[in-house]
Amino acid sequence: MAKLYFRYGAMNSGKSTSLLQAAYNYEERGQRVLLAKPAIDTKGASQIESRLGMTRDVDFLIGPGDDARMLFAEHRERTRQSEQDTLVPSVPVDVACLLIDEAQFLTEAQIDDLFRIAVEDGIPVMAYGIRNDFRTHAFAGSARLLAIAHTLEELKTICRCGRKAVFNGRVMGGRFVFDGDQVAIDGTGSELVTTYESLCGACYLEESGGRLG
């Protein structure tokens, strides 16, 4: 049975790089993959961007009210038809895997769609994202993935102090902030430039004055 995978980590833990590497590995072996991300992630427009400089266009964007399984089915069929035109008709062609970047921004219903794609449609789904926002609150998509994904894998990175980073601090105008909307994409959402820094628990509490959540 195909599985739903959730690979999560703090900011700068290499999630997008890992996704692009997984896509490369499949395609190096002659298999076809589909890449998608939430439309709310406006960073890179319709591309997945790695902090190492690698980029790749997604096959489709998932809007807040979209049926993710239906979108996948449409692009799966389009892929099968496109590939079949270049091959011997008797040779079956299908998508080997669906790869999702920034999965924390998906809705709970869309995460359920990913589960059904894996279990009922038989296509493995690898979802990449962060667990918590800058206030340490879980994103809805991540909470649902942690609840129903078959396999959980943490991608690790380090805090500025050298400890394991587990939180994501929001920086605006050169200062850490702990209030505001849950979603503010890097460099957008405010008149001040918004960036993020991965922090361990101790450094997060130090910057927040002991505030947690």
Intermediate values then yes/no, ring-ring contact (aromatic ring centres under 6.0 Å, His included), H150 and F6: CA-CA 8 Å; H150 297 92; F6 183 33; over 10 Å; no
- prompt: Are the side chain of D66 and the backbone of A68 linked by a donor-acceptor contact shorter than 3.5 Å?
  reply: no
query: Cluster question for you: counting only ILVMFWY and a side-chain heavy-atom cut-off of under 4.5 Å, with indirect links fine, are I123 and V33 together?
result: no
field: Nearest heavy atoms of N168 and M11, plus distance in Å
entry: OD1-N, 2.7 Å
query: Strictly by modelled atom types, are S50 and S16 linked by a side-chain donor-acceptor pair under 3.5 Å?
result: no
query: With the threshold set at 4.0 Å, does a side-chain nitrogen-carboxylate oxygen contact exist between R69 and D67?
result: no
query: From Y26 OH over to R32 CZ, what is the distance, rounded to the nearest 0.5 angstrom?
result: 13.5 Å
- request: Would you indicate whether R211, at its atom CZ, is surrounded by more than 12 heavy atoms from other residues, nucleotides or ligands within a distance under 6.0 Å?
  value: yes
- prompt: Which value, rounded to the nearest 0.5 Å, describes the distance between Y24 atom OH and R29 atom CZ?
  reply: 9.0 Å
query: Which heavy-atom pair separates A140 from E108 by the least distance, and what is that distance?
result: O-CG, 3.9 Å
message: With side-chain contact (heavy atoms from CB on, under 4.5 Å) as the criterion, how do N132 and H137 come out once you've worked through the C-alpha distance, each side chain's angles and the decisive distance to 0.1 Å?
response: CA-CA 5 Å; N132 304 325; H137 297 164; over 6 Å; no
query: Taking R76 as the fixed residue, which of D121, D94, D59 is the one that meets the side-chain hydrogen bond (donor to acceptor under 3.5 Å, both in side chains) rule?
result: D94
message: Do C161 and C200 have side chains that approach each other closer than 4.5 Å (heavy atoms only, starting at C-beta)?
response: yes
task: Could you go through the side-chain contact (heavy atoms from CB on, under 4.5 Å) check for T194 and R170 one step at a time?
output: CA-CA 7 Å; T194 302; R170 179 180 290 177; 3.9 Å; yes
- request: Identify the heavy atoms of G63 and A39 that sit nearest to each other, and give their distance.
  value: CA-CB, 4.0 Å
message: Less than 4.5 Å apart, side chain to side chain, heavy atoms only: is that true for T79 and L34?
response: yes
- prompt: Any donor and acceptor pair, going by atom type alone, linking the side chain of S208 with main-chain N or O of Y204 inside 3.5 Å?
  reply: yes
- request: Answer whether the closest heavy-atom distance between the side chains of L145 and L106 falls below 4.5 Å.
  value: no
statement: CE of M172 to OH of Y196, rounded to nearest 0.5 Å, is 8.5 Å
- request: Identify the two heavy atoms, one from V183 and one from F139, that lie closest to each other, and give their separation to 0.1 Å.
  value: CG2-CE2, 4.3 Å
message: Please determine whether the number of non-hydrogen atoms from other residues, nucleotides or ligands lying under 6.0 Å from atom CE of M70 exceeds 12.
response: no
- request: Decide whether F176 and L212 are clustered together by the hydrophobic rule: side chain heavy atoms of Ile, Leu, Val, Met, Phe, Trp, Tyr closer than 4.5 Å, transitively.
  value: yes
Polar side-chain atom of E77 near backbone of E74 as donor-acceptor pair, under 3.5 Å: no
task: List the steps, then state whether side-chain contact (heavy atoms from CB on, under 4.5 Å) holds for R56 with L35.
output: CA-CA 9 Å; R56 174 165 170 168; L35 277 64; 3.7 Å; yes
Expected output: side-chain S142 to main-chain A138 donor-acceptor under 3.5 Å: no
message: Can a side-chain donor-acceptor contact be found between T157 and N12 if the only test is distance below 3.5 angstrom?
response: no
message: Are L61 and V95 connected into the same hydrophobic cluster when the rule is that any two of I, L, V, M, F, W, Y join if their side-chain heavy atoms are below 4.5 Å apart?
response: no
- prompt: Do we see a donor-acceptor contact under 3.5 Å between the side chains of Y128 and R7?
  reply: yes
message: Can you tell whether the side chains of K15 and E49 come within less than 4.0 Å, N to carboxylate O?
response: no
statement: Closest heavy-atom pair, C159 versus A165, reported as atoms and distance to 0.1 Å, is N-CB, 3.7 Å
field: Hydrophobic cluster membership, F167 vs L155, 4.5 Å side-chain cutoff
entry: no
- line: What one should report as the nearest heavy-atom pair of G141 and I111 is O-CG1, 3.6 Å
Within-4.5 Å side-chain heavy-atom neighbours: M126 and L19: no
message: To the closest 0.5 Å, what do you measure between CG (D113) and CG (L71)?
response: 9.0 Å
query: Looking only at atom types and distance, does a side-chain atom of Q31 sit under 3.5 Å from a main-chain N or O of A23, one as donor and one as acceptor?
result: no
message: Are more than 12 heavy atoms, taken from residues, nucleotides or ligands other than D57, located less than 6.0 Å from that residue's CG atom?
response: yes
query: Are any non-hydrogen side-chain atoms of I62 and Q110 less than 4.5 angstrom apart?
result: yes
task: Look up atom CZ in F105 and atom CD1 in I100, then write down how far apart they are to the nearest 0.5 Å.
output: 14.0 Å
- request: Give, for atom CG of L199 and atom CZ of R160, the distance between the pair rounded to the nearest 0.5 Å.
  value: 5.5 Å
message: Hydrophobic cluster membership, with links at side-chain heavy-atom distances under 4.5 Å among I/L/V/M/F/W/Y: are I148 and Y8 in one?
response: yes
message: Taking the six-membered ring for Trp, are F134 and F178 closer than 6.0 Å centroid to centroid?
response: no
- prompt: Ion pair present between E102 and K37, side-chain N to carboxylate O less than 4.0 angstrom?
  reply: no
- request: Output, in order, the C-alpha distance, side-chain angles, deciding distance and verdict of side-chain contact (heavy atoms from CB on, under 4.5 Å) for I48 and V58.
  value: CA-CA 7 Å; I48 292 174; V58 298; 3.6 Å; yes
